[in-house]
Protein chains: 2
Amino acid sequence: MATTTVTRRRARTRQRLLDAALHTFAEEGFGRTTVEQVCERAGFTRGAFYSNFSSLDELFLALWEERSARMLDEVRAALADLDPDDPEAAVRAAVAAAPVDDAWYRITAEFTAHALRNPGLRRVMAAREAAIRDAVLPVLVAALERLGRRVPDERALGDALVAVHDGTAVQVLTQPDDDAVRARRQALFMNVLDVYSTPEDSA
Amino acid sequence: MATTTVTRRRARTRQRLLDAALHTFAEEGFGRTTVEQVCERAGFTRGAFYSNFSSLDELFLALWEERSARMLDEVRAALADLDPDDPEAAVRAAVAAAPVDDAWYRITAEFTAHALRNPGLRRVMAAREAAIRDAVLPVLVAALERLGRRVPDERALGDALVAVHDGTAVQVLTQPDDDAVRARRQALFMNVLDVYSTPEDSA
DNA sequence: CCGGTTCGATACACGAACGTATTCGATACG
DNA sequence: CGTATCGAATACGTTCGTGTATCGAACCGG
């Protein structure tokens with residue numbers, strides 16, 4: 001195909017721009033980031049930028065989609081091989097799969113704020129969140145069943161876990177050196193799993 | 001005092017600028033907001049701005065401090081008169097006191113991201129969060145005790161509640177029309193209160 | 001009222017970033 | 001090996017926002 005190799009070049013600079021943008025967004029904030037900054041970091045000129053994206057907004061969305069999709073994959077992979085006999089370990093693995101990454105958190109925080117201003121983006125974000133939830137949920141439900149626990153309201157459990165994940169992420173990031181915070185986070189996950197599932201007999 | 005009335009004028013324009021900034025930040029995002037936009041909305045010139053604040057960053061911090069302090073007061077006031085016999089109502093009141101306000105959420109989200117880049121700001125934010133938590137906590141603990149429940153680990157309960165509040169806020173805002181989301185939020189609060197307290201006898 | 005002070009308005013000079021139109025080089029393909 | 005095409009570099013004019021230095025009016029105390 002004629003376009004194959006040409007597209008390679010394109011894809012490479014595109015990727016570089018995305019990487020540069022990731023770091024610039026994290027350091028400067030999305031709103032404070034300029035096209036020039038991204039280009040300089042990536043080692044390109046603005047011409048290259050505008051040949052790949054029509055605006056910073058477009059790049060921002062592309063970046064977010066790429067990264068969140070990748071994270072979703074990682075979560076799926078990590079959950080694929082859980083130890084069915086050790087619920088603590090399972091939770092630990094699941095939590096580790098959706099790590100609290102400083103730079104990425106800042107970006108999603110701003111993306112969230114951004115999306116709340118734009119109905120289109122808001123739907124995109126909601127869909128992605130739902131996808132993550134729906135990927136994680138069946139695995140956890142299965143794990144719980146192997147432990148002899150049923151989940152009466154999967155949706156409620158899913159929302160609760162997502163909320164706990166997001167909510168505690170801030171705490172962990174604002175107190176990065178406090179292990180107790182991390183421990184409480186872990187405990188809260190366990191508690192939620194416990195509360196939103198019931199022992200066998202209630203079927 | 002000579003400065004009294006003069007200060008009044010000053011305070012008035014200052015307040016107007018803060019109000020204008022609140023709305024502009026909410027609509028445009030903090031990073032995308034310019035001094036000019038704020039001034040235009042407030043009905044002043046940039047001269048007035050620079051006579052009151054040295055930068056947008058400074059205004060941003062001032063705004064956040066003012067608003068979060070006010071919110072803290074409101075929470076305190078709302079919690080002051082709780083119905084000791086109706087835990088659901090108590091929670092509802094508490095939740096209502098820390099309302100999920102769209103505009104305000106966007107701003108705090110960006111402030112959080114901003115603060116994560118700035119150690120000084122991060123400490124300010126952590127302190128404010130702790131203050132809110134410490135204001136709410138004793139009231140809830142007392143309410144629970146009146147219901148015959150003890151709270152073994154107050155800190156854990158506090159962190160959990162804050163996390164749930166923050167985490168579910170996003171869900172409520174991204175799905176504003178879905179009452180089920182709000183109901184699950186409420187339920188999650190109840191569950192957390194339940195899990196983090198034990199009946200009398202365990203004293 | 002009146003002088004002094006404070007505070008916001010005005011005007012200016014500057015720099016940063018934008019987006020486009022065009023050029024030039026690399027790369028795929030016959 | 002030559003050529004057509006694609007994509008990044010360059011160059012340009014323009015807009016927008018900034019911060020400061022100065023001016024003038026509102027407001028204070030006496």
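So that the names make sense, note that chain A is the first sequence line, chain B the second, and so on, each numbered from 1. What you see below is based on every heavy atom in this structure, not just the backbone, and it leaves out hydrogens, waters and symmetry mates.
- Out of D/dA9, D/dT18, C/dG19, the shortest distance to the side chain of B/Arg46 is found at D/dT18.
- Within residues 20-39 of chain A, the residues having any heavy atom closer than 4.0 Å to DNA chain C are, in order of number, A/Thr34, A/Val35, A/Glu36.
- Spacing between atom OH of B/Tyr50 and atom P of D/dG17 amounts to 12 Å, rounded to whole angstrom units.
- For the ring pair (Phe, Tyr, Trp, His ring centres under 6.0 Å) criterion with B/Phe25, the lone passing option out of B/Phe60, B/Tyr105, B/Trp64 is B/Phe60.
- Here C/dC7 presents its P atom at 14 Å from CG of B/Leu17, a figure rounded to the nearest Å.
- By the salt bridge (Lys or Arg N to Asp or Glu O under 4.0 Å) test, B/Arg123 pairs with no residue at all, sequence neighbours left out.
- Salt-bridge annotation for B/Arg117 and A/Glu27: absent, with no side-chain N of the basic residue lying under 4.0 Å from a carboxylate O of the acidic one.
- The side chain to side chain donor-acceptor pair (under 3.5 Å) search around B/Ser197 returns B/Arg149, not counting sequence neighbours.
- Distance check, rounded to the nearest 0.5 Å: OG1 of A/Thr24 to CD of A/Glu36 gives 12.5 Å.
- Look at B/Thr13 and you'll find a side-chain N or O under 4.0 angstrom from OP1 or OP2 of C/dG8.
- Look at CD on A/Glu40: it is 10 Å from P on C/dA17, rounded to the nearest Å.
- Of all the residues in residues 51-66 of chain B, B/Ser51, B/Asn52 reach under 4.0 Å from DNA chain C with at least one non-hydrogen atom.
- With sequence neighbours left out, A/Asp101 forms a side-chain contact (heavy atoms from CB on, under 4.5 Å) with A/Arg67, A/Ala103, A/Trp104.
- Judged by the 6.0 Å distance and 45° axis criteria, B/Arg32 is positioned over the aromatic ring of A/Phe30.
- Ion pairing between A/Glu40 and A/Arg46 fails under the 4.0 Å rule for side-chain N and carboxylate O.
- Residues meeting the side-chain contact (heavy atoms from CB on, under 4.5 Å) test with A/Val162, sequence neighbours left out: A/Glu129, A/Arg133, A/Asp166, B/Gln171.
- Rounded to an integer number of Å, the gap from CZ of B/Arg16 to P of C/dC7 is 17 Å.
- Nucleic acid contact for B/Phe44: sugar-phosphate only, since backbone atoms but no base atoms lie under 4.0 Å from a heavy atom of the residue.
- One finds a side-chain N or O of A/Arg10 lying less than 4.0 angstrom from the OP1 or OP2 phosphate oxygen of D/dG7.
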